[in-house]
There are 2 protein chains.
Amino acid sequence: MATDLFLQNGFAGTSMSAIAKASGMTKASLYYHFANKEDLFIACVTDGYQHALSSLETIVADDQASPEEKLSQAFDTLYDTVINSAVGRMSPLIAEVSRAFPQVARSFREEYILPHEALVAQILAQGTKAGVFKPIDKKLMSHLFIGPIVTLSLSREMFAKFDDLDEHFPVGELKAGHLEAIKALILIN
Amino acid sequence: MATDLFLQNGFAGTSMSAIAKASGMTKASLYYHFANKEDLFIACVTDGYQHALSSLETIVADDQASPEEKLSQAFDTLYDTVINSAVGRMSPLIAEVSRAFPQVARSFREEYILPHEALVAQILAQGTKAGVFKPIDKKLMSHLFIGPIVTLSLSREMFAKFDDLDEHFPVGELKAGHLEAIKALILIN
DNA sequence: GTCTATACAGTGATAGAC
DNA sequence: GTCTATCACTGTATAGAC
């Protein structure tokens with residue numbers, strides 16, 4: 001609710017009055033639940049963490065799938081999460097708020113980014129152990145793996161109101177090409 | 001000047017009073033030069049376009065260098081531009097402002113993003129013509145080429161105030177690994 | 001072209017009744 | 001736990017003198 005408003009109008013562009021109205025409350029009631037605007041924002045951000053991580057966790061824990069299948073599933077999940085979910089789309093917003101409130105950045109990193117990276121690293125480690133993936137530096141893999149997805153999400157947010165959005169940023173094709181590129185980089189033989 | 005303020009505090013977080021003060025003017029004088037805040041912001045953004053493009057243009061026009069050398073030089077330029085220059089760092093800011101003023105996004109795309117992509121595409125086309133690069137889809141290449149760099153810039157903005165910035169986001173290493181990955185993807189033999 | 005002064009809407013946040 | 005009413009303040013923008 002408040003999350004949607006923040007996404008649409010930014011942090012400074014979303015007033016407590018607007019949030020109260022959208023929540024069917026008055027401002028004063030809102031301030032009964034949250035000490036201030038930052039706390040409310042942080043609640044919005046952390047609220048979205050859980051679900052985004054759980055789908056990756058089930059992929060990692062799957063005993064049936066091969067490392068290559070898991071990699072493909074991780075791509076599906078990450079593209080879906082970063083591009084469609086509220087938390088994923090919030091990156092630029094978090095960057096904006098982080099300037100004034102660095103603890104927002106810290107919490108985002110520790111509770112969202114690092115667990116994500118760790119899960120992706122686990123999938124890659126499973127593949128390396130099975131002898132099908134080359135070992136690769138973890139930071140570099142995050143750079144090449146998550147980088148394009150976040151930028152795609154940012155671009156799509158930026159051009160959300162344009163009617164040729166999907167023509168210029170075709171998620172499916174870009175995802176497929178990206179996956180092939182990563183495979184070319186890490187698959188053995 | 002105003003650009004730096006926008007970068008530090010976001011669009012809504014930067015007041016006309018603050019800009020006027022930093023410019024050694026009063027608010028009223030500022031409004032003599034710019035009709036409103038958006039116009040001033042657009043002026044800041046477009047102002048940075050020129051230089052950012054010119055360095056890529058000289059690389060493309062170079063008759064001496066091999067396509068592989070040009071690719072490496074383009075990496076140096078893009079990393080430097082996106083991470084260090086004002087325009088490059090402005091992407092999240094432009095995303096913020098674009099929600100309210102879509103023409104900002106359009107101008108950014110047409111005058112900055114598309115020319116950039118076209119120049120990179122030219123380097124790749126030169127390599128393909130010379131028989132050293134495989135042909136590759138233009139949109140995909142932008143996704144894989146520019147995506148990681150923009151996300152790196154965004155991350156570094158987000159964690160700019162943290163003392164372990166360069167440890168977590170080591171530009172040099174990531175750039176080198178990224179270049180190797182792109183080469184693995186497009187180099188023939 | 002730059003200034004002082006100001007209009008006026010909206011902001012985050014609080015006091016106190018119910 | 002929610003309300004009405006209000007606080008002090010800052011925001012964008014403008015009028016009019018010099």
Side-chain angles (χ1 to χ4, degrees), chain A residues 1-48 86 90 92-108 158 161, chain B residues 1-48 86 89-90 92-108 157-158 161:
Chain A
M1 199 106 75
T3 305
D4 293 333
L5 286 177
F6 280 130
L7 270 174
Q8 276 173 37
N9 308 312
F11 179 77
T14 303
S15 70
M16 293 297 270
S17 316
I19 297 172
K21 196 175 178 183
S23 311
M25 278 182 184
T26 57
K27 244 194 309 185
S29 298
L30 207 55
Y31 274 101
Y32 175 81
H33 293 284
F34 301 95
N36 49 44
K37 197 179 170 183
E38 304 94 76
D39 278 13
L40 197 160
F41 178 78
I42 292 176
C44 288
V45 174
T46 51
D47 192 43
M90 271 191 165
L93 191 50
I94 291 168
E96 176 196 351
V97 179
S98 291
R99 290 179 208 114
F101 309 102
Q103 79 272 20
V104 173
R106 177 143 276 160
S107 127
F108 183 64
M158 213 148 126
K161 292 195 177 160
Chain B
M1 199 105 77
T3 306
D4 293 333
L5 287 176
F6 281 130
L7 271 174
Q8 275 172 37
N9 309 311
F11 179 77
T14 303
S15 70
M16 293 296 269
S17 316
I19 296 172
K21 197 176 177 182
S23 311
M25 277 182 184
T26 57
K27 248 193 304 186
S29 298
L30 208 55
Y31 274 100
Y32 175 81
H33 293 283
F34 302 95
N36 50 43
K37 197 178 169 184
E38 303 95 75
D39 277 12
L40 197 160
F41 178 78
I42 292 176
C44 288
V45 175
T46 51
D47 191 42
R89 295 163 56 205
M90 271 191 165
L93 191 51
I94 291 168
E96 176 196 351
V97 179
S98 291
R99 290 179 208 114
F101 310 100
Q103 78 273 20
V104 172
R106 176 142 278 159
S107 127
F108 184 63
E157 289 300 310
M158 213 148 128
K161 291 195 177 161

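Reminder, nothing fancy here: chain letters follow the sequence lines and each chain counts from 1.
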Hey, is the side chain of A:Ser15 poking within less than 4.0 Å of OP1 or OP2 on C:dG10, counting only N and O atoms? no
For the student: nearest non-hydrogen atoms of A:Leu5 and A:Thr14, plus distance: O-OG1, 3.1 Å
Among D:dA13, D:dA15, C:dG12, which nucleotide has an atom closest to any side-chain atom of A:Lys27? C:dG12
Of the candidate nucleotides D:dT4, D:dT14, C:dG12, which contains the atom at the shortest distance from the side chain of A:Lys37? C:dG12
Below 4.0 angstrom from OP1 or OP2 of C:dA13, is there any side-chain N or O of A:Tyr31? yes
Taking the side chain of B:Met25 as heavy atoms from C-beta outward, which of D:dG1, C:dT11, C:dC3 is closest to it? C:dC3
Measuring to OP1 and OP2 of D:dG1, would you say a side-chain N or O of A:Tyr32 lies under 4.0 angstrom away? yes
Do the rings of A:Phe11 and A:Phe6 sit parallel, tilted or perpendicular, given the 30° and 60° boundaries? parallel
Minimum-distance nucleotide (side-chain atoms of A:Ser17 versus C:dT11, C:dC3, D:dC3): C:dT11
Taking the nucleotide of DNA chain C with the closest heavy atom to each, which residue, A:Phe11 or A:Ala28, is nearer the 5' end? A:Phe11
Of the nucleotides C:dA13, C:dT2, C:dT4, which has the atom closest to the A:Asn36 side chain? C:dA13
Quick check on C:dG1: is either OP1 or OP2 less than 4.0 Å from any side-chain nitrogen or oxygen of B:Ser29? no
From C:dA13, D:dA15, C:dT2, nucleotide with atom closest to A:Glu38 side chain: C:dA13
Counting any heavy atom closer than 4.0 Å, what does A:Ser23 reach on the DNA or RNA strands: base, sugar-phosphate only, or nothing? nothing
Are any of B:Thr26's side-chain N or O atoms less than 4.0 Å away from OP1 or OP2 of C:dT2? no
Minimum heavy-atom distance B:Met90-B:Val45, with the two atoms named: SD-CG2, 3.7 Å
